[in-house]
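As structure tokens, the structure follows; a few thoughts come after it.
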Amino acid sequence: MLMGCAVEASSAESSSAESSSADVVAAPQDFTLSITPAIAPSVDEAFIRRSVSEAITLYAREVAPLTAPIDVVVDAPDCLRTGYDPPSRKVRFCNNTDTPRAGTASADVIHHEVFHALLCQTKPAWCDGSQDKVPLHEGLADYFSYVLAPDDAFGEGFY
């Protein structure tokens with residue numbers, strides 16, 4: 001089961017969580033980012049890293065600390081659609097003709113998918129593949145993304 005996202009079309013966005021110097025801040029070892037060489041020139045690696053870091057920072061500050069690094073993969077060879085894959089414990093962004101920059105042009109979508117990975121660390125029983133937990137995951141992930149970028153749209157830049 002891949003946990004995906006529902007999005008609206010719009011323009012690309014950038015977001016930032018409000019923080020003070022006393023806040024928890026994501027460290028480089030808090031996540032891994034793998035980008036295939038074929039797609040690397042068309043994605044904004046700094047934007048992806050910043051968006052993943054924002055999500056980890058907020059989650060660690062407000063919910064729970066990480067128990068393991070979050071694995072983010074852009075353009076995995078077996079990638080069918082963007083989402084968090086609980087069995088592999090990877091956040092996957094797939095390269096296709098419908099999503100700019102392999103689906104990484106939207107901070108909302110990056111935040112949303114990273115949230116799934118973070119929640120699965122905190123509440124593994126909620127990530128057992130049971131379909132009855134998907135609405136809870138999706139609602140919480142959307143709210144989490146909204147907290148990081150509170151605006152009138154969700155997923156700007158994804159399609």
Side-chain angles (χ1 to χ4, degrees), residues 1-8 13 15-17 19 23-36 39 43 45 47-96 98-99 101-151 153-159:
M1 171 186 70
L2 202 64
M3 295 181 186
C5 54
V7 297
E8 303 180 355
E13 71 171 309
S15 66
S16 64
S19 63
D23 287 337
V24 173
V25 177
Q29 69 272 15
D30 288 341
F31 67 94
T32 62
L33 176 61
S34 303
I35 303 170
T36 61
I39 194 75
V43 299
E45 183 176 342
F47 178 80
I48 299 167
R49 287 186 181 281
R50 185 172 55 253
S51 298
V52 171
S53 292
E54 289 169 348
I56 291 170
T57 297
L58 178 63
Y59 194 90
R61 185 178 68 229
E62 300 293 330
V63 182
L66 270 73
T67 59
I70 301 299
D71 292 324
V72 180
V73 180
V74 180
D75 196 30
D78 59 347
C79 201
L80 298 176
R81 71 180 181 95
T82 292
Y84 174 66
D85 180 40
S88 70
R89 296 183 178 175
K90 294 183 186 306
V91 176
R92 299 167 154 215
F93 292 92
C94 303
N95 189 24
N96 65 48
D98 295 331
T99 57
R101 299 191 327 225
T104 64
S106 173
D108 288 337
V109 173
I110 294 170
H111 296 151
H112 176 105
E113 299 307 338
V114 169
F115 175 83
H116 289 304
L118 293 163
L119 186 61
C120 286
Q121 284 188 8
T122 306
K123 297 286 188 186
W126 293 7
C127 303
D128 63 3
S130 150
Q131 290 297 312
D132 65 329
K133 295 177 182 97
V134 172
L136 175 65
H137 254 277
E138 294 304 319
L140 290 171
D142 286 350
Y143 178 74
F144 181 81
S145 297
Y146 176 79
V147 169
L148 281 164
D151 58 26
F154 179 82
E156 304 95 318
F158 188 70
Y159 286 116

Original post:
Can you check side-chain contact (heavy atoms from CB on, under 4.5 Å) on Gln121 and Ile70, steps first, answer last?
Top reply: CA-CA 9 Å; Gln121 284 188 8; Ile70 301 299; 3.4 Å; yes
**OP:** Could you tell me which residues satisfy side chain to side chain donor-acceptor pair (under 3.5 Å) with Thr122, sequence neighbours excluded, listed by chain and number?
**Re:**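 Partners of Thr122 by the side chain to side chain donor-acceptor pair (under 3.5 Å) criterion, ordered by chain and then number, come out as Tyr59.
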Reported [atom1]-to-[atom2] distance for the pair [X] and [Y], which is rounded to 0.5 angstrom:
X      : Y      : atom1 : atom2 : answer
Thr32  : Lys90  : OG1   : NZ    : 6.5 Å
Leu148 : Ile110 : CG    : CD1   : 11.5 Å
Tyr143 : His112 : OH    : NE2   : 15.5 Å
Asp30  : Leu66  : CG    : CG    : 5.0 Å
Glu113 : Leu118 : CD    : CG    : 11.5 Å
Tyr84  : Phe115 : OH    : CZ    : 12.0 Å

**OP:** Please confirm whether the backbone N or O of Gly155 pairs with a side-chain atom of Asp108, one donor and one acceptor, at under 3.5 Å?
**Re:**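 It does hold such a pair.
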**OP:** Give a yes or no on whether the backbone of Glu156 and the side-chain of Ser106 come within a donor-acceptor separation of less than 3.5 Å.
**Re:** yes
Subject >> Minimum-distance pair of heavy atoms, taken over all atoms of Pro86 and Cys127 >> reply: CB-O, 4.0 Å
Subject >> Least distance between heavy atoms, Gly103 atom then Val109 atom >> reply: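 Minimum heavy-atom separation between Gly103 and Val109: O-CG1, 4.3 Å.
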**OP:** Could you tell me whether Asp128 and Lys133 make a salt bridge, using a distance below 4.0 angstrom between a side-chain N and a carboxylate O?
**Re:**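 Yes, charged N to carboxylate O under 4.0 Å.
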Subject >> Phe93: partners by ring-ring contact (aromatic ring centres under 6.0 Å, His included), with sequence neighbours left out >> reply: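 Residues passing ring-ring contact (aromatic ring centres under 6.0 Å, His included) with Phe93: none at all.
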**OP:** Would you please say whether a donor-acceptor pair under 3.5 Å links the side chains of Ser145 and Asp142?
**Re:** no
**OP:** For side-chain contact (heavy atoms from CB on, under 4.5 Å), just list the numbers for Phe144 and Leu58, CA-CA rounded to whole Å, side-chain angles, deciding distance to a tenth of an Å, and then say yes or no.
**Re:** CA-CA 9 Å; Phe144 181 81; Leu58 178 63; 3.6 Å; yes
**OP:** Applying side-chain contact (heavy atoms from CB on, under 4.5 Å), run through Thr104 and Phe47 and close with a yes or a no.
**Re:** CA-CA 8 Å; Thr104 64; Phe47 178 80; 5.6 Å; no
Should [X] and [Y] count as side-chain neighbours, where that means a heavy-atom distance under 4.5 Å?
X      : Y     : result
Val114 : Ile56 : yes
Ile48  : Val74 : yes
Gln29  : Pro69 : no

Subject >> Listed partners of Glu45 passing side-chain contact (heavy atoms from CB on, under 4.5 Å), at least two apart >> reply: Leu33, Ile35, Arg49
